[in-house]
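Here the structure is a predicted model, which means the values were calculated and not measured. The sequence lines fix the lettering, A, B, ..., with proteins before strands; numbering per chain opens at 1.
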2 protein chains.
Amino acid sequence: MSVQMVAARAHENDVRASTVVEAMRLFAAHGFEGTALQDIADAVGVSKPAVLHHFPSKEHVRQAVLDEILSHWNEALPRLLLAATGSGDRFDAVFGELYRFFSNNPDRARVVAREMLDRPGELRKLLRGSVKPWLGAVAGYIRAGKERGLHYADVDEEAYLIHILLLVITATASATVTSSALETDPRSRHDRYDRELARIARASLFPSVPAALNPKKAAGDSRKRKAPR
Amino acid sequence: MSVQMVAARAHENDVRASTVVEAMRLFAAHGFEGTALQDIADAVGVSKPAVLHHFPSKEHVRQAVLDEILSHWNEALPRLLLAATGSGDRFDAVFGELYRFFSNNPDRARVVAREMLDRPGELRKLLRGSVKPWLGAVAGYIRAGKERGLHYADVDEEAYLIHILLLVITATASATVTSSALETDPRSRHDRYDRELARIARASLFPSVPAALNPKKAAGDSRKRKAPR
DNA sequence: GCAAGTCCTTACCGTCTGGTAAGGCATGTC
DNA sequence: GACATGCCTTACCAGACGGTAAGGACTTGC
């Protein structure tokens, strides 16, 4: 039962998994409506009904792509929030994970951005159901930091987090447009926009933290400057 | 020649203009690929070939929609930059115009966001050609303000502006998703996210400007706290 | 050996797509 | 009256779409 089933399941997952991979790439580039099932099948290297053998319909392929993205955060968020301790650490941990997740594969950001435009109703339900509790938890940390004088007093925690989330998604989704649009040197362009993105998120939350561009260098002395009064 | 042509042209523009209006609405909601020419024709109230009588192809409808959006800024940007004088005024003027433009009709933001995803190459060309000079001009103002100590020293002007631009576009494009996702009271939701959006843009550029949420109330005393040293 | 089930193929279906052909109907020109 | 032009209609087309039917190749369980 074991060896054969593993082999069979590995084979099954092969087409199914690469269907999700190729579908994410194509949905990100051309959108759900702009991607034909035939395109996905060609990318995987099988026939169109072979894809429909693993997924009842094109709609199920979309859901599998979205689940692939969501499943990461169901695992990562609890781990991050429990692991990090200090307020600055927590910021670096969540923002870093957020940025790295979308930056490592910008197609994720593009798919989410498209989902926001194509099916706002579905995404709204998702936000209300799954994202809201975690957003509330992180907002609670900001609220606590505010009372200790770490953050701007007029920060609207939930609104801040949503805007930063949107900013990271959009910035990574449109990285190829924005960066190469104004830069000529392909080496520096990534760092430049990434650094400014982190700076905006940080500077609009922590008052007057100078030269905190590189988290590694500024990690030591950036936290003791404002003690709880 | 005059009266008849005016009447004829008015009639002509009637269908043509409302085609652009309806197409923008439908492209924003369902995307370019997700909108059939028949849908546009139905919304206008004419037959499909009637639309194609005014526009050689569906692609030309898209271009007309984009031109409608772009033409506003070719007029507004020079006016704004020349009219505003102080550094804070200039920020309020440009940011306010930017926000109001997309907020007044969020479909504009959705169309731009979709264009960013669907045709990054075309948008890149547009950025390089039309947007870059103006972006450079505004960046120059920030650079000047930096030397007078008005802004954070580590601001990357161009990157900052692009991120803020993206943030305004995304925030207005996804306003129905984000706001009603977490708020239950439909009255407060708009103000709340809008204020935080402006706060982020402002706080990440101007160091330590407290309680500057409302530009009108804070306009008087928000600028004299940090004089050029 | 053989029925059952999995995985995948080719062939096909109805539907919808962007775009075209051809003509009706006004208005204005000579 | 003949003719041209602008605006719009119905009828139609070739191609692409998502999805189905039917069956072949192969493995599994008995």
Side-chain angles (χ1 to χ4, degrees), chain A residues 1-27 29-66 114-115 118-119 122, chain B residues 1-27 29-66 114-115 118-119 122:
Chain A
M1 185 214 278
S2 61
V3 178
Q4 297 88 339
M5 272 206 65
V6 167
R9 195 171 305 239
H11 190 259
E12 172 191 341
N13 284 358
D14 195 42
V15 171
R16 190 192 166 89
S18 63
T19 295
V20 174
V21 170
E22 298 300 326
M24 187 179 313
R25 191 173 56 81
L26 291 166
F27 288 166
H30 314 297
F32 182 76
E33 313 247 22
T35 302
L37 272 175
Q38 189 65 63
D39 300 337
I40 303 174
D42 290 350
V44 176
V46 295
S47 66
K48 190 176 60 173
V51 173
L52 288 171
H53 174 76
H54 293 278
F55 300 90
S57 75
K58 193 187 173 188
E59 193 63 36
H60 286 73
V61 178
R62 153 148 61 184
Q63 203 53 53
V65 169
L66 293 178
R114 284 188 186 278
E115 201 67 9
D118 287 344
R119 306 192 307 168
E122 315 299 320
Chain B
M1 185 217 274
S2 61
V3 178
Q4 298 88 338
M5 273 206 64
V6 167
R9 195 170 304 239
H11 192 258
E12 171 191 342
N13 283 0
D14 195 41
V15 172
R16 190 193 165 89
S18 61
T19 295
V20 174
V21 170
E22 299 299 328
M24 188 179 313
R25 190 174 55 81
L26 291 166
F27 288 167
H30 312 297
F32 181 76
E33 312 247 24
T35 302
L37 272 174
Q38 189 66 62
D39 299 337
I40 303 174
D42 291 349
V44 175
V46 295
S47 67
K48 190 176 62 173
V51 173
L52 288 170
H53 174 78
H54 293 279
F55 300 90
S57 75
K58 193 186 174 187
E59 193 62 37
H60 285 74
V61 179
R62 152 146 63 183
Q63 204 53 54
V65 169
L66 293 178
R114 285 189 185 278
E115 200 67 10
D118 287 344
R119 305 192 307 167
E122 316 298 319

For the backbone of [Y] and the side chain of [X], can you confirm whether one donor and one acceptor N or O come within less than 3.5 Å of each other?
X: A:Lys58; Y: A:Ala36; result: no
X: B:Asp42; Y: B:Asp39; result: no
X: B:Thr35; Y: B:Leu26; result: yes

Separation of [N] [atom2] from [X] [atom1] (nearest whole Å):
X: A:Ile40; N: C:dC8; atom1: CD1; atom2: P; result: 15 Å
X: A:Asp39; N: D:dA16; atom1: CG; atom2: C1'; result: 10 Å
X: A:Glu33; N: D:dG18; atom1: CD; atom2: C1'; result: 12 Å
X: A:Phe55; N: D:dG18; atom1: CZ; atom2: C1'; result: 16 Å
X: A:Arg62; N: D:dG18; atom1: CZ; atom2: P; result: 12 Å
X: B:Gln38; N: C:dT15; atom1: CD; atom2: C1'; result: 14 Å
X: A:Arg16; N: C:dT6; atom1: CZ; atom2: P; result: 14 Å

Under-4.0 Å salt bridge between B:Asp118 and A:Arg114
yes
Under a 4.0 Å threshold between the charged nitrogen and the carboxylate oxygen, would A:Arg119 count as salt-bridged to A:Glu59?
yes
Give a yes/no answer on whether the side chain of [X] brings an N or O atom under 4.0 Å of OP1 or OP2 in [N].
X: A:His54; N: C:dT6; answer: no
X: B:Ser47; N: D:dC8; answer: no
X: A:His53; N: C:dC7; answer: yes

With sequence neighbours left out, write down each residue that passes side chain to side chain donor-acceptor pair (under 3.5 Å) with B:Ser57, or none if nothing qualifies.
B:His60
Going by side chain to side chain donor-acceptor pair (under 3.5 Å), name the residues that satisfy it together with B:Gln63, two or more places apart in sequence or in a different chain.
none
Could you list all N or O pairs between the protein and nucleotides 19-23 of chain D that sit under 3.5 Å apart?
residue, atom, partner, partner atom, Å
D:dG19, OP2, A:Lys58, N, 2.9
D:dG19, N7, A:Lys48, NZ, 3.4
D:dG19, O6, A:Lys48, NZ, 2.8

Sugar-phosphate, base or nothing in reach of A:Ala50, heavy atoms under 4.0 Å
base
Which residue, A:Val51 or B:Thr35, contacts DNA chain C at a nucleotide closer to its 5' end, judged by nearest heavy atom?
A:Val51
